There are 4 protein chains.
Amino acid sequence: MHNVKRPRGARGREGILSSARSLVIESGYEALTVEGIAAAAGVGKQTLYRWWPSKGALVADAFLDDPAIPPSFASTAPTGDGVAWVRAQADYFSSAVGTSVTRALTSATAEDESVAIRVHERFTAPILAGIIDWLAITVPDAAAGATERQRAAADMLLGALVFRMLTRSEPLSGDGAEEVLHLVLAGLRTAAAR
Amino acid sequence: MHNVKRPRGARGREGILSSARSLVIESGYEALTVEGIAAAAGVGKQTLYRWWPSKGALVADAFLDDPAIPPSFASTAPTGDGVAWVRAQADYFSSAVGTSVTRALTSATAEDESVAIRVHERFTAPILAGIIDWLAITVPDAAAGATERQRAAADMLLGALVFRMLTRSEPLSGDGAEEVLHLVLAGLRTAAAR
Amino acid sequence: MHNVKRPRGARGREGILSSARSLVIESGYEALTVEGIAAAAGVGKQTLYRWWPSKGALVADAFLDDPAIPPSFASTAPTGDGVAWVRAQADYFSSAVGTSVTRALTSATAEDESVAIRVHERFTAPILAGIIDWLAITVPDAAAGATERQRAAADMLLGALVFRMLTRSEPLSGDGAEEVLHLVLAGLRTAAAR
Amino acid sequence: MHNVKRPRGARGREGILSSARSLVIESGYEALTVEGIAAAAGVGKQTLYRWWPSKGALVADAFLDDPAIPPSFASTAPTGDGVAWVRAQADYFSSAVGTSVTRALTSATAEDESVAIRVHERFTAPILAGIIDWLAITVPDAAAGATERQRAAADMLLGALVFRMLTRSEPLSGDGAEEVLHLVLAGLRTAAAR
DNA sequence: TGGTAATCGAGACGGTACGTCTGGTCTTCGA
DNA sequence: TCGAAGACCAGACGTACCGTCTCGATTACCA
């Protein structure tokens with residue numbers, strides 16, 4: 001994306017991104033340095049600057065490119081009644097990894113507009129799309145404007161979870177997350193029946 | 001807050017905070033430096049370190065201490081049907097000032113746990129409390145657990161707005177924000193009637 | 001010299017040396033980089049490292065191999081009374097080219113012992129030999145040790161010119177150089193007559 | 001000289017210059033780095049850049065400011081018949097320290113015109129002046145132009161020594177240096193008697 | 001009212017990291 | 001098959017800030 005060619009060094013691109021991921025999870029995005037990534041990856045600094053314009057862009061790639069990482073990532077769409085999904089999200093946002101990764105992506109996003117766009121396109125938007133699709137099936141609504149309503153509902157659902165994590169030491173519990181889910185579904189049903 | 005005594009310098013404490021505010025709004029939190037604040041306020045660096053342990057703590061004070069700033073701040077509670085309030089919030093989060101300030105507080109929060117606690121206590125919690133109170137009046141619900149439900153609803157309402165702003169170039173429109181409000185109220189009403 | 005094979009590239013070996021010469025004369029030895037030479041010669045860096053072990057060695061070759069360069073080089077031996085020759089040397093060491101070239105060879109020499117040896121053998125020693133031969137003819141001296149004396153005299157003659165150039169903004173004038181010549185010849189004559 | 005104020009840190013200015021001197025003598029000017037000096041002196045890089053505009057200027061100060069260093073420096077004027085002095089110079093230029101220091105000053109001089117001026121004013125010119133004064137006493141000459149002749153003689157004397165050191169692996173021996181001295185004096189005497 | 005302490009601005013200090021540049025080696029790919 | 005092109009690791013460059021530490025000069029309080 002930043003360049004069609006890819007590093008071909010001994011460790012290569014994946015080694016670099018993997019080092020960056022480890023460092024973010026260990027010590028957080030604020031403590032992350034380009035020199036630290038280079039050292040951890042056994043790579044010259046210039047190699048990083050050759051492929052990524054900034055620390056934020058590198059970190060975005062680190063968490064966006066490899067679907068296997070992070071382990072229990074919030075990247076699947078809800079299924080069935082959604083309860084299992086929303087509790088898994090609550091667990092993820094309560095975990096050290098989930099906290100580190102989400103904060104890292106938020107910070108990277110805040111620093112650089114182009115990173116923000118990329119993170120949205122490749123990360124946030126797909127998750128929201130999955131939620132919206134599931135909501136459309138779960139609470140059918142043929143009304144004009146239903147799509148906008150579902151979009152707002154998805155923002156509320158994911159937004160409440162993220163907002164809690166960013167602003168509170170104790171993120172939403174599984175029960176709290178389920179409460180959010182129920183309110184969203186109840187609201188949508190009422191609107192659909194209106 | 002960090003010290004009962006106050007600077008006696010030409011500009012004083014308020015001059016420092018005011019300089020910090022201007023710099024954040026002009027150039028963003030990432031570009032903010034302690035040296036920059038000191039220079040802008042015509043103050044020695046040591047004076048800043050005397051009263052604030054970190055850049056984040058200073059910025060938190062800058063936006064928390066003076067109720068007059070930022071101008072159209074999201075700090076009042078909703079009234080009536082809430083529509084005017086929620087549209088004002090959408091406007092605020094769409095503005096350059098609202099974006100800068102919210103991002104700055106989010107970043108400061110991410111860097112330092114004690115700043116996070118302070119921002120929550122002095123800023124986020126009061127806003128949420130105002131919303132919760134208004135929700136309790138607007139959608140009366142005597143059921144056990146209603147408080148938890150209202151807390152979740154407040155997180156959804158404010159969370160959706162903040163989440164949108166943080167992750168999207170185009171924050172929620174007034175209409176979108178109103179949609180969120182309606183869904184929250186509809187959900188709460190259904191739950192209350194259950 | 002460092003390799004019997006020769007580049008076949010567009011410009012070839014002479015193109016490389018010529019680029020190096022131009023760059024030295026334009027910007028000086030300190031500002032010279034291997035990358036710059038490669039770029040100027042339209043050649044890969046590896047091609048340079050294939051034939052020269054260091055920047056210094058390349059520069060030495062650049063000024064030693066081609067007798068046509070630099071234009072009015074100090075490489076001829078004195079003739080007749082030596083006045084014309086010594087004034088030509090003064091002019092050369094006063095010129096931009098003479099200054100650049102001499103400084104470049106001095107720096108290259110200081111960095112690398114093997115370059116020093118090569119520059120001496122191929123450049124300094126022949127010049128000194130020419131001077132010594134001319135002195136032996138001009139001030140005949142059959143005494144034992146006359147050769148040592150002539151060697152010292154040659155060092156004095158050329159050394160005074162080089163020393164002046166290296167240490168002073170204004171190198172020896174033609175008159176100053178002639179003064180040096182007269183002193184050397186007077187000293188030798190006195191010694192020969194002793 | 002570069003600034004009227006002086007470093008006041010734990011180790012101070014002299015510690016920095018002393019570290020620079022050691023490094024030059026150990027490994028030569030080419031291998032010297034600003035970071036190396038800073039590390040050896042236990043000082044931040046910025047402190048060096050605050051007081052000296054370049055590595056060359058720092059090195060010039062290192063060898064010019066403290067008259068006690070280098071130990072057997074060529075900075076005294078000749079006395080008596082000059083033989084002891086000229087042999088001491090030959091020894092100095094044959095020593096590892098003399099070689100390192102002279103090459104370092106020559107390189108620093110070649111890189112930066114302002115360093116060249118300073119080295120000349122504070123180092124080369126005083127030595128030459130001492131030689132000229134001694135020559136004027138040793139070989140009295142009331143003729144017009146005698147001063148120019150003595151200046152040329154001083155350049156020949158010191159120049160031969162420096163030229164030999166810079167261009168040859170084996171600098172002038174004591175005997176060779178004495179030969180130079182005799183030739184200079186003989187030449188001057190002849191000229192004075194003319 | 002004059003003397004003494006606290007506090008100020010200013011900015012030097014030892015450091016860390018920045019983003020860039022170059023050195024010297026190694027790999028790719030077109031002619 | 002060989003060389004241009006340029007990526008690679010390494011590490012120094014000169015700069016920006018960090019948070020700490022002197023400096024005088026300027027209060028402000030007490031004698």
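All values below come from the heavy atoms of this structure, side chains included, with hydrogens, waters and symmetry mates left out. None of these values were measured; they are calculated from a predicted model. Sequence lines set the chain letters: A, B, ... in the order given, protein chains first and strands last, and positions in each chain run from 1.
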Pairs meeting criterion salt bridge (Lys or Arg N to Asp or Glu O under 4.0 Å) with involvement of residues 33-45 of chain C, two or more places apart: C/Glu35-C/Lys45

Rounded interatomic separation in angstrom, taking [atom1] from [X] and [atom2] from [N]:
| X | N | atom1 | atom2 | answer |
| --- | --- | --- | --- | --- |
| A/Leu58 | E/dG19 | CG | P | 12 Å |
| B/Trp51 | E/dT7 | CH2 | P | 9 Å |
| C/Ile37 | F/dA4 | CD1 | P | 14 Å |
| C/Glu111 | E/dG23 | CD | P | 11 Å |
| A/Ile16 | F/dC8 | CD1 | C1' | 10 Å |
| C/Leu48 | F/dA5 | CG | P | 12 Å |
| A/Trp52 | E/dG19 | CH2 | P | 15 Å |
| D/Tyr49 | F/dC17 | OH | C1' | 17 Å |

[X] side chain: which of [options] is closest?
| X | options | result |
| --- | --- | --- |
| D/Lys45 | F/dA7, F/dT15, F/dG6 | F/dT15 |
| A/Arg50 | F/dA12, F/dG3, F/dC8 | F/dC8 |
| B/Gln46 | F/dC21, F/dG3, F/dA7 | F/dC21 |
| D/Val34 | F/dG14, E/dT25, F/dG3 | F/dG14 |

Name the residue closer to the 5' end of DNA chain E, choosing between C/Lys55 and D/Gly44 according to the nucleotide with the nearest heavy atom. D/Gly44

With a 3.5 Å cut-off and no angle check, do the side chains of C/Tyr29 and D/Glu111 form a donor-acceptor pair? no

State, without any angle test, whether A/Glu113 and B/Ser169 hold a side-chain donor-acceptor pair at a distance under 3.5 Å. yes

Reading DNA chain F from 5' onward, which residue's closest nucleotide shows up sooner: B/Ala31 or A/Glu35? A/Glu35

So that I can tick it off, tell me whether C/Arg21 and C/Glu14 are bridged by a salt bridge, with the cut-off set at under 4.0 angstrom between side-chain N and carboxylate O. yes

Side-chain N or O of D/Thr47 less than 4.0 angstrom from OP1 or OP2 on E/dA12? no

Distance below 4.0 Å between C/Thr33 side-chain N/O and E/dC21 OP1 or OP2: no

Correct closest heavy-atom pair for C/Ala20 and C/Ala62 would be CB-CB, 4.3 Å

